Amino acid sequence: MMNNYEKAKEILKKYHQEKLLYFYDELNENEKEILIKQILSLNFEKIISLYQNSYILKKYEEYTGEITPIEHYEKQLLTEEEKEKYEKIGEKAISKNQVAVVTMAGGQGSRLGFKGPKGTYELKMDGRSISLYEILCNDLKRVNEKYGITLNWYIMTSSENHMATKKYLQEHSFFGYPKSNIKFFIQENLPLIKVDGSLFLQEPYLIKEASNGNGDVFKSLQRYGFLDEMKKNKIKYISFGGIDNILLKNVDPLFIGMMANKKKEIASKTIFKKDPLEKVAVYCKKNGRPAVLDYEDITAELSVKKFKDGKYCYRDANMVSHLMTLDAVKKAARIDLPYHRAYKKNAFVNEEGMKEVPDGPNTFKFENFIFDSFYHFKDMLLLRVNEDEEFAPIKSFNGPYTPETAIEKYKKLNYWFLSQNMVT
């Protein structure tokens, strides 16, 4: 009978990846076990197919075709009567505890020069430090206090930051949030692949992998049994957001009520894309279905195109604030979303066994995204909001979305005062 080492060799030979065992004889027994176990667990067929197809097809066939505008609503143009109506509907759902929150937090703080999960990154305000997780906890606790409920909060981590995230929150007593209502789950990984089609080692005993994009959130929720749990708990609406936007309204009664009133299964908040050629994707319709138009496909002509009323057709930018019904999430979990190829810079172990850092991008990473699921629905609600009130992501120390700009917005809206006066 073939042992695991021989099985691993056969797999690597089939996919021309034999170099992954180059240092095998130099490893200790534990490291050998780690490497062989990883090889046997990887889906080589999938990553090689993605690599090969990415050279042939720029887009999946179903995502090509006629591009048309998608209708959007602007929060600032809603009448007071409309706002009151939507908020009343949304507050009824919230007070019945029919809303669950999903936070996508699989990233590291590397672009901020920070070693650790991005959610543990701390901002300095008036001599005190407050992390992104504490800010989010405070926001959810305010909702709980206002409506007399306890929201179920689901946190999607990655294999890279899962243990560190749980340890951080445990050490801080979950910032006063009920531990039993916090559920962790890990998104899946895919190996990174060099431009020549070879997988590579990040350590002599470890193949380099990375999380496969926020679109995996649907299948991961299903895999952990959380969608069945939500059904049991009579959840109707699921709010999805990232960890780095400190102004994100995870539970917005107006947004929830508006989606319910318009009888939509999915909805997204957007911000206005000010610079017509900024490298930001925008919402549109492709073949009559809701979709996102990648910035590489946005021409100058499309960027300045307007409706008859003078509003721009293609300026609603994705701000990673989504709302879906539970049935819609279940449907999305059954869909195999397309993967997007990104060109990344990654260090690797060279033939001398040394860590080598390239001068520029040298590898491909394949990811799928939440918004790719929208194409499988007939329509969706888009609500454009004020960037200064709801969008302050922390991306890096350069550009428009820095810690300093986020802090300025946060304090201007008096959220810092609320955070300082939260009861834990």
Side-chain angles (χ1 to χ4, degrees), residues 75-76 78-103 105 119 123 125 128 130-155 169 172-183 229-230 233-243 245-262 267-269 319-326 381 383 385-386 388-392 406 409-424:
K75 184 177 178 180
Q76 66 179 19
L78 297 176
T79 66
E80 291 304 314
E81 290 76 16
E82 286 175 319
K83 290 178 183 178
E84 185 178 346
K85 178 179 69 174
Y86 298 142
E87 286 177 353
K88 188 175 181 180
I89 296 171
E91 288 183 334
K92 184 177 180 179
I94 297 167
S95 64
K96 289 185 177 181
N97 220 353
Q98 294 176 340
V99 182
V101 173
V102 175
T103 299
L123 300 173
M125 295 194 208
R128 189 197 155 195
I130 183 169
S131 71
L132 304 188
Y133 270 117
E134 184 175 0
I135 289 171
L136 179 51
C137 279
N138 287 342
D139 174 60
L140 298 181
K141 285 191 294 182
R142 282 194 292 269
V143 175
N144 289 343
E145 192 174 297
K146 181 176 180 178
Y147 296 100
I149 60 170
T150 304
L151 292 161
N152 283 319
W153 180 21
Y154 298 84
I155 302 175
L169 288 172
H172 291 82
S173 302
F174 300 93
F175 297 105
Y177 204 88
K179 180 181 177 181
S180 60
N181 291 88
I182 300 178
K183 328 279 183 169
E229 177 182 279
M230 290 179 188
N233 291 333
K234 298 181 180 180
I235 296 296
K236 287 189 176 181
Y237 307 101
I238 305 173
S239 173
F240 296 89
I243 187 63
N245 179 10
I246 64 173
L247 294 187
L248 179 67
K249 293 185 177 180
N250 286 280
V251 183
D252 183 349
L254 185 145
F255 191 37
I256 296 166
M258 194 172 186
M259 188 177 87
N261 179 262
K262 303 292 183 184
S268 290
K269 285 186 176 180
M319 58 175 277
V320 195
S321 178
H322 311 297
L323 186 65
M324 302 176 71
T325 64
L326 178 57
L381 168 73
L383 179 64
V385 298
N386 186 332
D388 290 332
E389 295 177 354
E390 298 194 35
F391 193 61
K409 288 182 179 181
Y410 193 73
K411 293 175 72 172
K412 188 176 182 180
L413 293 169
N414 289 321
Y415 287 159
W416 176 232
F417 172 80
L418 294 172
S419 293
Q420 286 181 308
N421 289 274
M422 282 301 300
V423 177
T424 58

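Since the model is a prediction, treat every value here as computed from it, not as a measurement.
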Report task. Applying side-chain contact (heavy atoms from CB on, under 4.5 Å), run through F391 and L247 and close with a yes or a no. Result -> CA-CA 5 Å; F391 193 61; L247 294 187; 6.0 Å; no
Query raised in the report: Atom CG in L248, atom CD in E390: separation rounded to 0.5 Å?
Result: 8.0 Å
Query raised in the report: Which atom pair, heavy atoms only, marks the closest approach of Y237 to I235?
Result: O-CG2, 3.4 Å
Query raised in the report: Would you say the side chain of L136 lies within less than 4.5 Å of the side chain of W153, judging by non-hydrogen atoms?
Result: yes
Report task. Over all heavy atoms of both residues, which pair between I243 and G119 is shortest? Give the atoms and the distance, please. Result -> CG1-CA, 3.6 Å
Query raised in the report: Taking side chain as C-beta onward, heavy atoms only, is I149 less than 4.5 Å from V99?
Result: no
Query raised in the report: Does a side-chain heavy-atom distance below 4.5 Å link N245 with L132?
Result: no
Requested in this report: Output the distance between atom CG (L326) and atom CD (Q98), rounded to the nearest 0.5 Å.
Outcome: 11.5 Å
Query raised in the report: Between H172 and E134, is any pair of side-chain heavy atoms under 4.5 Å apart?
Result: no
Query - From S321 atom OG to N250 atom CG, the distance as rounded to the nearest 0.5 Å - result: 7.5 Å
Query raised in the report: Among I89, N144, V143, which one satisfies side-chain contact (heavy atoms from CB on, under 4.5 Å) with I94?
Result: V143
Query raised in the report: Would I238 and Y154 count as a side-chain contact (heavy atoms from CB on, under 4.5 Å) if you check the C-alpha gap in whole Å, the side-chain angles of each, and the deciding distance to 0.1 Å?
Result: CA-CA 10 Å; I238 305 173; Y154 298 84; over 6 Å; no
Report task. Compute whether any side-chain donor of one residue and acceptor of the other, for Y147 and E91, lie under 3.5 angstrom apart. Result -> yes
Query raised in the report: Does the side chain of M319 reach to within under 4.5 Å of the side chain of V385, using non-hydrogen atoms?
Result: yes
Requested in this report: State whether the number of non-hydrogen atoms from other residues, nucleotides or ligands found under 6.0 Å of K262 atom NZ is greater than 12.
Outcome: yes
Requested in this report: Tell me, with the steps shown, if F174 and L169 meet side-chain contact (heavy atoms from CB on, under 4.5 Å).
Outcome: CA-CA 5 Å; F174 300 93; L169 288 172; 3.7 Å; yes
Query raised in the report: Is a side-chain N or O of K141 found less than 3.5 angstrom from the main chain of F175, in a donor-acceptor match?
Result: yes
Report task. Find out whether the Lys NZ or Arg CZ of K269 is both under 6.0 angstrom from the six-membered ring centre of F255 and within 45° of the ring's axis. Result -> yes
**Report entry** For the student: nearest non-hydrogen atoms of L151 and N97, plus distance
**Finding:** CA-OD1, 4.0 Å
Query raised in the report: I256 and L323: which non-hydrogen atoms are nearest, and at how many Å?
Result: CA-CD2, 3.6 Å
Report task. Rounded to the nearest 0.5 Å, what's the gap from CD on E389 to NZ on K249? Could you check? Result -> 6.5 Å
Query - Close side-chain approach of K75 to N386, heavy-atom, < 4.5 Å - result: no
Query raised in the report: Taking all non-hydrogen atoms of both residues, which atom of L383 and which atom of M258 are closest, and how far apart?
Result: CD1-SD, 3.9 Å
Requested in this report: State the OG-NZ distance between S95 and K146, to the nearest 0.5 angstrom.
Outcome: 11.0 Å
Query raised in the report: Counting only heavy atoms not in K236, do more than 12 sit closer than 6.0 Å to its NZ atom?
Result: no
Query raised in the report: What heavy-atom pair brings P178 and T150 nearest, and what distance separates the two atoms?
Result: CG-CG2, 3.8 Å
Query raised in the report: How about K92: does its NZ atom have over 12 heavy atoms from other parts shown lying under 6.0 Å from it?
Result: no
Query raised in the report: Rounded to the nearest 0.5 Å, how far apart are CG of L254 and CG of N261?
Result: 10.5 Å
